[in-house]
Amino acid sequence: MTPFTEKVIAIIQRIPTGKVMTYGQVARHAGSPRAARQVVRILHSMSRSYHLPWHRVINAKGQIALRDDESYQEQRMSLEAEGVMVGLHGGIDLEKYLWEPACMEH
DNA sequence: CTGGTGACTTATC
DNA sequence: AGATAAGCCACCA
């Protein structure tokens, strides 16, 4: 287990219910602003082994990263169950649901 | 070490 | 605004 992976896991586990984070944010808080893609790989690898709320992690466009897929429906359902309103295109109000661990942007 | 990869991100058309 | 291209980083074979 690498430090970066541990950080990413820790950050994702700290996402509160009803909130979401973008891959870029997770990567930035993990120490590597450009490692969003690596975050994706970690989610793929760890989500099945660890108890990670991967459905609370979305892309920078504020939409569910997955396309029309079973996993997409599952993620969308999970988010709605937590109070996050998801549009037909997986659109999510980042202004409302985006969560920043330290709120250092403002 | 080299190359491949990925649920991304940003910049250009 | 939607599509394309290139960049980017950590991990793995």
Side-chain angles (χ1 to χ4, degrees):
Chain A
M1 186 67 66
T2 64
F4 180 81
T5 301
E6 291 186 32
K7 282 187 178 181
V8 171
I9 293 174
I11 292 171
I12 293 175
Q13 286 180 336
R14 286 173 62 182
I15 302 177
T17 302
K19 292 291 183 178
V20 298
M21 279 187 73
T22 67
Y23 296 96
Q25 267 188 326
V26 175
R28 182 164 44 204
H29 283 280
S32 299
R34 314 281 165 69
R37 309 191 68 173
Q38 185 56 23
V39 174
V40 168
R41 275 182 49 82
I42 292 173
L43 259 56
H44 265 261
S45 300
M46 314 309 278
S47 62
R48 59 194 186 95
S49 300
Y50 288 70
H51 175 241
L52 291 178
W54 59 271
H55 53 270
R56 300 194 188 126
V57 185
I58 59 179
N59 58 17
K61 295 188 294 288
Q63 303 181 223
I64 294 176
L66 303 171
R67 314 284 178 174
D68 302 309
D69 191 70
E70 296 180 7
S71 299
Y72 165 80
Q73 297 296 341
E74 184 178 341
Q75 179 172 11
R76 176 177 169 179
M77 187 172 62
S78 298
L79 289 174
E80 290 182 340
E82 295 180 353
V84 178
M85 292 185 294
V86 182
L88 295 178
H89 292 70
I92 298 173
D93 283 346
L94 290 180
E95 300 297 326
K96 279 186 173 183
Y97 305 108
L98 185 63
W99 179 72
E100 299 189 28
C103 297
M104 56 180 66
E105 288 277 351
H106 219 176

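First the proteins, then the strands, lettered A, B, ... as listed; each starts at 1. The basis for the numbers below is simple: all heavy atoms, side chains too, and nothing from hydrogens, waters or symmetry mates.
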**Student:** When you check the phosphate oxygens OP1 and OP2 of C:dC9, does a side-chain N or O of A:Ser32 lie under 4.0 Å from one of them?
**Tutor:** no
**Student:** Which nucleotide, B:dT9, B:dT5, B:dA7, lies nearest any side-chain atom of A:Gln75?
**Tutor:** B:dA7
**Student:** Specify the residue among A:Val39 and A:Gly24 whose closest nucleotide of DNA chain B lies further upstream toward the 5′ end.
**Tutor:** A:Val39
**Student:** For A:Leu66 and B:dG6, give me the distance from atom CG to atom P, rounded to whole Å.
**Tutor:** 14 Å
**Student:** With a non-hydrogen cut-off below 4.0 angstrom, is A:Ser45 in contact with a base, only sugar-phosphate, or nothing?
**Tutor:** nothing
**Student:** Given atom CE of A:Met1 and atom C1' of C:dC12, what is their separation to the nearest angstrom?
**Tutor:** 14 Å
**Student:** As a test of reading the structure: which of B:dT9, C:dC9, B:dG6 is closest to the side chain of A:Arg41, going by heavy atoms?
**Tutor:** B:dG6
**Student:** Nearest-Å distance, CG (A:Asn59) to C1' (B:dG6)?
**Tutor:** 14 Å
**Student:** How long is the line joining CD of A:Gln38 and C1' of C:dC8, in whole Å?
**Tutor:** 11 Å
**Student:** What integer distance in Å separates A:Ile58:CD1 from B:dC8:P?
**Tutor:** 12 Å
**Student:** Is there a donor on the side chain of A:Arg37 or the base of B:dG6 sitting less than 3.5 Å from an acceptor on the other?
**Tutor:** yes
**Student:** Does the A:Ser45 side chain pair with the main chain of A:Arg41, one donor and one acceptor, at a distance under 3.5 Å?
**Tutor:** yes
**Student:** A:Ile42 CD1 to B:dG6 P: how many Å, rounded?
**Tutor:** 15 Å
**Student:** Find the distance A:Glu6:CD to C:dA10:C1' and express it as a whole number of Å.
**Tutor:** 14 Å
**Student:** Would a distance-only check, ignoring hydrogens and angles, find a side-chain to backbone donor-acceptor pair under 3.5 Å from A:Lys96 to A:Lys19?
**Tutor:** no
**Student:** With distance as the sole criterion, do the side chain of A:Tyr23 and the base of B:dA7 form a donor-acceptor contact below 3.5 Å?
**Tutor:** yes
**Student:** Counting N and O atoms only, with roles assigned by atom type, does the side chain of A:Gln25 sit under 3.5 Å from a partner on the main chain of A:Glu100, one being a donor and the other an acceptor?
**Tutor:** no
**Student:** Considering only atom P, compute the distance from C:dC9 to B:dA11 and round it to an integer number of Å.
**Tutor:** 15 Å
**Student:** Choosing from C:dC9, B:dT9, B:dA7, which nucleotide comes nearest the side chain of A:Arg34?
**Tutor:** C:dC9
**Student:** Between A:Met21 (CE) and B:dC8 (P), how many Å, whole number?
**Tutor:** 16 Å
**Student:** Give the minimum heavy-atom separation between A:Gln75 and A:Val57, together with the two atoms involved.
**Tutor:** NE2-O, 3.3 Å
**Student:** Does the side chain of A:His44 get closer than 4.0 angstrom to OP1 or OP2 of B:dA7 through an N or O atom?
**Tutor:** yes
**Student:** Where the side chain of A:Phe4 is defined as all heavy atoms beyond and including C-beta, which of C:dA10, C:dG7, B:dT9 is the nearest nucleotide?
**Tutor:** C:dA10
**Student:** Measure the CG-CG distance between A:Asn59 and A:Leu66 for me, rounded to the nearest 0.5 Å.
**Tutor:** 9.5 Å
